[in-house]
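Below is one structure; the comments refer to it alone.
The figures that follow rest on heavy atoms only: side chains count, while hydrogens, waters and symmetry mates do not.
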Amino acid sequence: MARIRVLTALDHARTQYYHFKAIIIAGMGLFTDSYDLFCIVPVMKIIGRVYYPPSSGDDGRPGVTPPAVVSAIVSIALLGAVFGNLLFGVLGDRVGRGRVYGSCLLLLVCSSVGSGFSICRTRGCALSSLCLFRFLLGVGVGGDYPLSATIMSEFANKRTRGAFIAAVFSMQGFGILASSGVTMVVAAAFDRYTGHPAPLDTPEAADIAWRVILMAGAVPAGLTFYWRMAMPETARFTALVQHDVLKATNDIGRVLTDLDLNGIDDDEDAAAIPRTPAWAPPASQYGLFSLEFLRQHGRDLFGCASAWFLLDIPYYSSTLFQSQIYRPWFPPASHQNVFREAYDVARFQAIIAVASTIPGYFAAVLLIDRAGRRRLQMAGFFLMAAFLFALAGPYDHYWRGNAKNAWYIVLYALTFFSANLGPNTTTFILPAELFPARLRSTCHGISAAAGKLGALVGTVGFLWASQAQDREEVQAGYEPGIGMMNALIILGAICLIGLAVTYLFTPETMGRSLEENEGERGQDLHDGDGGMTMRLQELNLTPKSPASLVSSHVSTSPIHPHRFSV
């Protein structure tokens, strides 16, 4: 098979400064995603006190945001993310990854700032506008998933590609830490500024505090806007989708200055032929909704989407389960003012992030190109199930009455560590490696949208289902559910289903070029010279003989014009 020399050079490129710069630039969307997800918990505590003050019959309890409002505010961002996953996934393949990348970040920044302003200060108006801006924020966050993963996968070499994409995704951990830090600083500052108000005294300044917390998430993303706009289009999109190999070579040469396009000799190209499938049919031959796509890539798309859906149910549910973990360690809400309550929630989130979430991401970066995606995903699902069952089994008989036992927090932290070590990271990586360049961003968007639907099930469903079966023990505003123990057992069972899906449907992509991964399923149909000739004609390269295919290459230098020799 003839390989485009610039893509071969990318697969063998040494790690350079621009790779690390791209990780930061691409990771800012994921940073904002986790910042928003985790800061909304203490923000809801503040909003409850500001807009739902206690009535005379509340027996000294502070105001609480009603469950229906919490569900709506959480759900609206996830629905926006589903829309953004699909919209920007398609645009990334139709228009280009780079051309829509900056607009996605701009939407993130503007909607984060808009969430803080929320137009007005009356309850109905403020919450309605908050939902609107959170939907737009979700669209931006959702769009960033397929674009960031696809761009990083197409810039990286095949030896460290998994680690680079995992490093982009690990920015979520720092987003969690940043949201906790900002919330703690803002809460402490406002608490001091207002003179440490009494527990049931909520000053007007609290209505400003939650807005500041939300708007602060836009700052890091905004700082990287210039660099994101300056990123060139990926070489794989330019060469394989736009069919402009010369432009691809020029673009990538500007940012990866140490790229050796002549360092891969013909013998190495020839040695790669038995492992590399023939080119797929031209883009016009089959599309996303064709039977040919279903035959070649349908199994992979099902595996990616279903694993991501199954993961996000327990992962997002575990985020809401935090309230059951930290409640015994802090004073009750009736004994704290609004700022101290938000401060304590954020402090616990920071502890979990430092102790389990960020180490899990780091472990994934170190192991992803050694153990492989498939093994890590299976191991992560298995460990998540084990720790959830350990929390669920004795919950009613032991954990509920011994919540201050250190092992209770350890088991909960290990659940997050296992998720980030395994499926939370690998489900982000795999869709960016398995599909053809012309459909890569779209398929990643479909997989991510399935994950956000799972997150919707996990957050809203768990919020209601985990309520106690005894009406007297149900939290205010909720109806009786199936109980925490049964809810945790169901989450553990979902993790085991995710393990089975991974075993049956997920291929290994470690150490292989993107072109090898995408063509593996269709190799038997396109092994002949005719299929290769057709693809090369599409790139304006017509081989004279099969032997000449091996020697095809692009000769380039930073100063001289590029040329093909056949």
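When side chains are defined from C-beta on, Ser441 counts as touching Pro146, because their heavy atoms get closer than 4.5 Å. Here the side chains of Leu137 and Asp36 are in contact, with some heavy-atom distance below 4.5 Å. When side chains are defined from C-beta on, Pro507 does not count as touching Arg299, because their heavy atoms never get closer than 4.5 Å. Counting heavy atoms from C-beta outward, Ile151 and Phe237 have side chains that stay 4.5 Å or more apart.
The backbone N or O of Glu233 lies less than 3.5 Å from no partner atom in the side chain of Asp251, so there is not a single donor-acceptor pair. Under a 3.5 Å cut-off, the side chain of Thr506 and the backbone N or O of Tyr503 do not form any donor-acceptor pair. Of the possible polar contacts, one joining the Glu508 side chain to the Arg374 backbone as a donor-acceptor pair under 3.5 Å is found. Between the His243 side chain and the Leu240 main chain, a donor and an acceptor come within less than 3.5 Å of each other. A donor-acceptor pair under 3.5 Å is formed between the side chain of Asp93 and the backbone N or O of Thr442.
With Asp11 as the fixed residue, the salt bridge (Lys or Arg N to Asp or Glu O under 4.0 Å) test singles out one of Arg161, Arg236, Arg5: Arg236. Partner Thr160 forms a side chain to side chain contact (heavy atoms under 4.5 Å, CB included) with one of Val365, Thr15, Ile165, Ile368 and no other, that one being Thr15. When the options Thr502, Thr427, Thr425, Asn424 are evaluated for a side-chain hydrogen bond (donor to acceptor under 3.5 Å, both in side chains) with Gln377, the one that passes is Thr502. A ring pair (Phe, Tyr, Trp, His ring centres under 6.0 Å) with His444 holds for exactly one of Phe88, Tyr145, Phe428; it is Phe428.
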Discussion item. Working note: Ser318 + Phe416, criterion side chain to side chain contact (heavy atoms under 4.5 Å, CB included); need CA distance, chi angles, decisive distance, verdict.
Written reply: CA-CA 8 Å; Ser318 298; Phe416 266 103; 4.1 Å; yes
Item to complete: Tell me, with the steps shown, if Leu7 and Ser513 meet side chain to side chain contact (heavy atoms under 4.5 Å, CB included).
Response: CA-CA 9 Å; Leu7 304 188; Ser513 73; over 6 Å; no
Worksheet item: Given Thr415 and Tyr315, is the side chain to side chain donor-acceptor pair (under 3.5 Å) satisfied, shown in steps?
Response: CA-CA 9 Å; Thr415 303; Tyr315 186 79; over 6 Å; no
Practice prompt. Could you check Asp33 against Asp144 for side chain to side chain contact (heavy atoms under 4.5 Å, CB included), going step by step and ending with a plain yes or no?
Written response: CA-CA 9 Å; Asp33 174 30; Asp144 209 78; over 6 Å; no
Discussion item. Quick one, Thr357 with Leu177, criterion side chain to side chain contact (heavy atoms under 4.5 Å, CB included). Give me CA distance, side-chain angles, the key distance, then yes/no.
Written reply: CA-CA 10 Å; Thr357 306; Leu177 199 58; over 6 Å; no
Practice prompt. Using the salt bridge (Lys or Arg N to Asp or Glu O under 4.0 Å) rule, take Glu433 and Arg512 through it: C-alpha gap first, then chi angles, then the decisive distance, then the call.
Written response: CA-CA 9 Å; Glu433 297 182 315; Arg512 298 164 59 85; over 6 Å; no
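Between Ser75 and Ser71, the shortest heavy-atom contact is OG-O, 2.6 Å. When every heavy atom of Tyr101 is checked against every heavy atom of Met231, the shortest pair comes out as CE2-SD, 3.9 Å. The minimum heavy-atom distance between Leu434 and Cys304, with the atom names listed, is CD1-SG, 3.8 Å. Residues Arg134 and Val74 approach most closely at NH2-CA, 4.3 Å, considering heavy atoms. Between Ser418 and Leu383, the shortest heavy-atom distance links the atoms OG-CB, 3.3 Å. Heavy-atom minimum distance, Phe135 versus Leu79: CE1-C, 4.1 Å.
Between Phe302 and Phe505, the ring-plane angle classifies as perpendicular under the 30° and 60° cut-offs. Tyr35 and Phe31 have parallel rings, their planes meeting at less than 30° on a 0 to 90° scale where 60° marks the start of perpendicular. Between Phe169 and Tyr361, the two ring planes are perpendicular [angle over 60°; tilted spans 30° to 60°].
Residues Tyr18 and Phe155 place their aromatic rings such that the two centres sit under 6.0 Å apart.
A salt bridge links Arg440 with Glu154: the closest approach of a Lys/Arg side-chain nitrogen to an acidic carboxylate oxygen falls below 4.0 angstrom.
The line from CG of Leu132 to CD1 of Ile76 is 8.5 Å long, rounded to the nearest 0.5 Å.
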